[in-house]
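We use all heavy atoms of the structure for the numbers below, so side chains are in, but hydrogens, waters and symmetry mates are not. Values in this document were obtained by computation on a predicted structure and should not be read as measured data. The sequence lines fix the lettering, A, B, ..., with proteins before strands; numbering per chain opens at 1.
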Amino acid sequence: MLDKTYDPKEIEARRYPEWESAGAFTAHPESTRPPYCIVIPPPNVTGSLHMGHALDNTLQDILIRWRRMKGDDVLWQPGTDHAGIATQMVVVRNLEQEGIGLAVEGAVKTDANKKLLSREEFLAKVWEWKAYSGGTITGQLRRLGASCDWSRERFTMDEGLSKAVLKVFVDLHKAGLIYKDNRLVNWDPKMLTAISDLEVESREVRGSLWYFKYPIEGSPDEFITVATTRPETMLGDTGVAVHADDPKWKHLIGKHAILPLVGRRIPIVADEYSDPEKGSGAVKITPAHDFNDFEVGRRHKLEAISIFDKFARLNDKVPEKYRGLDRFDARKKIVAEMEELGLLDKIEPHTHQVPYGDRGGVPVEPFLTEQWYADAKKLAEAPIAAARDGRVTFVPERGRDDFFRWMENIEPWCISRQLWWGHQIPAWYGPDKKVFVALSEEEAKADALKHYGKDVALERDPDVLDTWFSSALWPFSTLGWPDQTAALAKYYPTNVLVTGWDILFFWVARMMMMGMHFMPDVPFRTVYLHGLVTDEKGQKMSKSKGNVVDPLELIDKYGADALRFTMTSLAASTAGRLRFSSARVEGSRNFATKLWNATRFAEMNGAALPKDFDPASAKLIVNKWVLGELARANTAIDKALTDFRLNEAATALYEFIWGIVCDWYVELSKPVLQGTDGPDKDETRAVTAFVLRETVKLLHPVMPFITEELWDKLGHRADHGALIGQPWPAPAATDAAADAEIGWLVKLISDIRSARAELNVPAGAKLKLLVVGGNDVTAKRLDTHGAAIERLARIEGIEAAATAPKAALQIVVGEATYALPVGEVIDLKTEGVRLQKEIKKLADEVAKIDAKLGNAAFVSRAPEEVVEEQRERRQQAEQTRARLSTALERLGA
RNA sequence: GGGCGCGUAGCUCAGCGGUAGAGCACUGUCUUGACAUGGCAGGGGUCACAGGUUCAAUCCCUGUCGCGCCCA
């Protein structure tokens, strides 16, 4: 006998290891079954599960479990990402606590950093940290129920994937698609590395606009006024730009200004970049520290003078007194000195966008350095074509437009990072800085020997690759590439990639680039994008806001199935954010309990499935009906999952299990199950068992734990093995006659209940049901379902009658009027009011339909079946209205 | 500034040409042998606003106003 309530904790802890050790998640590349593959978006190896993971992985697991039951050979490829910058940051922070720093160039020992680690020492610490915390997130994914093939787990820095990274780098370099270039990059002065455009987030900052006067050469009293948000960069100015048509300044074009504080002679040039309406109309040009200025400088051949070091402190290209100053200290000093010189015209408050590094959290500095780049424009061509011709599709479709917008305007991808944790770039430099890119130092040496004609010392490039470089290879590197493995042959292209909108560009786009360059096809057929989980107010969850909900706490409290069901219901929103509230998880937990108790009911009533039971042989109407409802739910769930409308699958399951099975089928079957033994009882027990068996199958992808448990408790495990490996049900036929009959029954019972409640008939009072004007069909139905009606509507005795007695509730269903004599129990005036209300409602409906049917255009232009439907509805409403009027008259008689 | 999305019941959201829905919250009532993590019944909505297309618009189109996201 099942316990009274469902206890997820104990069951989940037991079921997962059972599946895993039985090999239920294992892919079988050698099998002939069709492949179905999803690669997991690899979480950071040292991270822990957050709500985004819970959503993303629930959706993937649903698809995986569904396809597994459908008979596919599924592979859910798991693994973790080394997450270069993020992991390095965490370890650095941990070391700082111990007073340990990194021996990077320019680092000094201080009280806080008594010890400085070499690169090798630091990497050893990171691997140590990985060993310590690396199992956390995979353990948490298991708690969620994720049925990944853990025997194939990979890590972006394991041996095989590192080999793939090297090969990709070397091949792309050979093809000219990876190259070194000296151009402006986004420099993070805190992390001390270059970052890509995507890692920069612009934040709105309330700052100032400073107006500086630059003296004109040879004209001591004349000035040109420039407006800037970054006074400190003036030390690197090499020009001033004005618009060619600007009446205020155009007479100065071709002349020179003398840069204050520095004394440099800088040209005044005409450039479209200057907007006469903005600021003063004249712009100072600092080509080495601003992306726009860099372009202007290039157009006018202005020198680019880099004035910062990597910490964003002023370097020796500026007058001595400023050297070593931090950029923000320099700003204050420069503004003060300009004011002293009388060259500060004014200061205006100004709100503008400032680029921040998404990891370091400080403003990034456009910085002129040599970095490695991938030719993203070239690599984007094949992915764009694939998205255009439908080899890859997006759900929802507008993801495709976003994809195009990004891919068609893509800039070179800066792939080198000045970090220690990551894939070190396979490039070696000779004494003359000649670069040798090779798979190994030996090969590089061989190349060098060929080039120089003698052995020379080579020095390896110290930089590592952008984390997203290795994750871009994920769909094929995890399957064994560059080796031609059976798994690679079978599972590539993968079927669907499930991820959030936020990494469409970071990851999805780059997987497309690499996948299409190194493999013959797209990495995945479908990109399924979902929104971001936020708190109830729609705010992003963050530690600093203190609004983070921990999925593990929810699993502890409500169970993994409840969390999964909630996530599935949430997954519909076409909007970018999914507001999460714990109340919904509670509701999902209640849903689990409901199913648990329905099963408990079945158990208590001897529901059992005979070995050779054929549901098509069912004779009782109520059984035929529920089997039809089951088929309907089955169809709806399949359709929803096929269309990636997972929330609709959740809704269909909820409505079927709660609304159909629990609310009606269980109640309607009680008279039979609790009545005398015989074929009807046997059939109902069998159908109950059958429906529950199929239900746990249909629910399994969404709520795997409780369904596996119930499958076992229902006794199917002994004969068929675990639920996870069962074949997915195929929907049977529905029965229109049974639908109509149970529809009538449900309406009759509901109407009686409503009338009783509205008239405050005591819940315990049992009334007689008198049927007036019922036809043969109704008589037969009343006979069939009499027991159920008596039970559910609290009736005692059903009889035909010529007329209704005066003191009675009256309702109309179909052609018959039903009277429930109440004697003096109720106030007949109230009943009169109730009837009048009903009549008015129907009369309004009739009037509405009449207006439609009276419209000649409607009758002639609307489809025939729509018109017919309206006529039928009018007739029904009018008939019921007339009968209720009769009932009302009788009441007053 | 450009692009996209969203404004539906008190709250969170489904629905997206032909009878306005769910969960939670709320009201009344019931411990009837599955379940009070529950049953039964009920209240609550000019589907943001203004035009247009259509026999018919919450749904399609245009504009306005709010909110959010992405890219400059």
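- Taking the C1' atom of each, B:C13 and B:U58 are spaced 15 Å apart, rounded to whole Å.
- There is no side-chain donor-acceptor pair under 3.5 Å between A:S669 and A:T684.
- B:G63 and B:G3 have their P atoms separated by 11 Å, with the value rounded to a whole Å.
- Residue side chain A:R589 reaches the base of B:U37 through a donor-acceptor N/O pair under 3.5 Å, judged by distance alone.
- Rounding to whole angstrom units, CG of residue A:D290 and P of B:A72 are separated by 14 Å.
- In this structure, of B:C55, B:A41, B:G39, it is B:A41 that holds the atom nearest to the side chain of A:S750.
- Listed nucleotides B:G18, B:A34, B:U37 differ in distance to A:P863; the shortest reach to its side chain belongs to B:G18.
- Taking the centre and axis of the six-membered ring of A:F404, the NZ or CZ atom of A:R388 falls inside the cone set by 45° and 6.0 Å.
- Partner assigned to B:A48 is B:U64, using Watson-Crick or G-U wobble distances below 3.5 angstrom.
- Candidate nucleotides B:U12, B:C55, B:A72 were compared by shortest atom distance to the side chain of A:R584, and B:U12 ranks first.
- Atom CG in A:L198 sits roughly 11 Å away from atom C1' in B:C71 (whole-Å rounding).
- Rounded to whole Å, the C1' atom of B:G15 lies 9 Å from the corresponding atom of B:A20.
- Under the 30°/60° scheme for interplanar angles, the aromatic rings of A:F403 and A:F394 are found to be tilted.
- Counting to the nearest Å, the C1' atom of B:G3 and the CZ atom of A:R400 are 16 Å from each other.
- With both ends at atom P, the span from B:U31 to B:G18 equals 44 Å, rounded to whole Å.
- In terms of modelled atom types and a separation under 3.5 Å, the side chain of A:D293 and the main chain of A:P287 share no donor-acceptor contact.
- When Watson-Crick and G-U wobble pairs are counted only if both distances are under 3.5 Å, B:U31 pairs with no nucleotide at all.
- Ranking B:G3, B:G38, B:C71 by closeness to the A:R405 side chain, first place goes to B:G3.
- Neither OP1 nor OP2 of B:U32 sits under 4.0 Å from any side-chain N or O of A:K670.
- Each of A:I749 and A:N605 was matched to the nucleotide of RNA chain B holding its nearest heavy atom; the match closer to the 5' end belongs to A:N605.
- Looking at the side chain of A:A862, the nearest of the listed nucleotides B:A41, B:C55, B:U37 is B:C55.
- Residue A:R874 is out of contact with every strand shown, counting any heavy-atom pair closer than 4.0 Å.
- Using a 4.0 Å heavy-atom cutoff across all strands shown, A:R794 reaches at least one base atom of the nucleic acid.
- Phosphate proximity of B:G39 to A:W658: present, with a side-chain N or O under 4.0 Å from OP1 or OP2.
- Taking both residues in full, the closest heavy atoms of A:R564 and A:T568 are given as O-OG1, 2.6 Å, listed atom of the first, atom of the second, then distance.
- Among the nucleotides B:G23, B:C67, B:C4, the one closest to the side chain of A:R577 is B:C67.
- Here the side chain of A:R579 is nearest to one of B:A20, B:C13, B:A41, namely B:C13.
- Looking at heavy-atom distances under 4.0 Å, A:F591 makes no contact with the nucleic acid at all.
- Nearest to the side chain of A:A763, among B:G38, B:U29, B:A41, sits B:U29.
- For the C1' atoms, the distance linking B:G7 with B:G42 amounts to 29 Å, nearest Å.
- Following rounding to the nearest Å, A:D197 (CG) and B:C70 (P) show an atom-to-atom distance of 16 Å.
- Distance, A:E868 CD to B:A56 C1': 18 Å, rounded to whole Å.
- Taking the six-membered ring where tryptophan is involved, the planes of A:W711 and A:H716 are tilted, since the angle between them lies from 30° to 60°.
- An OP1 or OP2 oxygen of B:A36 is reached within less than 4.0 angstrom by a side-chain nitrogen or oxygen of A:K4.
- Nucleotides B:G51 and B:C69, compared at atom C1', are 29 Å apart to the nearest Å.
- Look at B:G21: its Watson-Crick or wobble partner, with both distances under 3.5 angstrom, is B:C13.
- Comparing the same atom, P, in B:C35 and in B:G21 gives a spacing of 32 Å after rounding to whole Å.
- Judged by the 6.0 Å and 45° rule, A:R510 forms a cation-pi pair with A:W413.
- The A:N590 side chain lies nearest to B:G38 when the options are B:A72, B:G38, B:A34.
- Taking the charged nitrogens against the carboxylate oxygens, A:R632 and A:E629 do have a contact shorter than 4.0 Å, which makes a salt bridge.
- Between the side chain of A:Q870 and the base of B:A56 there is no donor-acceptor pair of N/O atoms closer than 3.5 Å.
- Between A:E667 and A:S754, the one whose closest nucleotide on RNA chain B sits nearer the 5' end is A:E667.
- In this structure, NZ of A:K747 is placed 12 Å from P of B:A41, rounded to the nearest angstrom.
- Under the Watson-Crick or G-U wobble criterion, with both distances below 3.5 Å, B:C69 is paired with B:G3.
- Out of B:G3, B:U37, B:A34, the shortest distance to the side chain of A:R600 is found at B:A34.
- For the residue pair A:R400 and A:A387, the shortest heavy atom distance occurs at NE-O, 3.0 Å.
- Phosphate contact (OP1/OP2 of B:C69, side-chain N/O of A:K540, threshold under 4.0 Å): absent.
- Rounded to whole Å, atom P of B:A56 lies 7 Å from atom CG of A:N855.
- Here the P atom of nucleotide B:G21 and the OH atom of A:Y654 are 17 Å apart, to the nearest Å.
- Using a 4.0 Å cut-off, some side-chain N or O of A:Q674 falls inside it from OP1 or OP2 of B:A34.
- Spacing between B:G39 and B:G23 at atom P, rounded to whole Å, works out to 10 Å.
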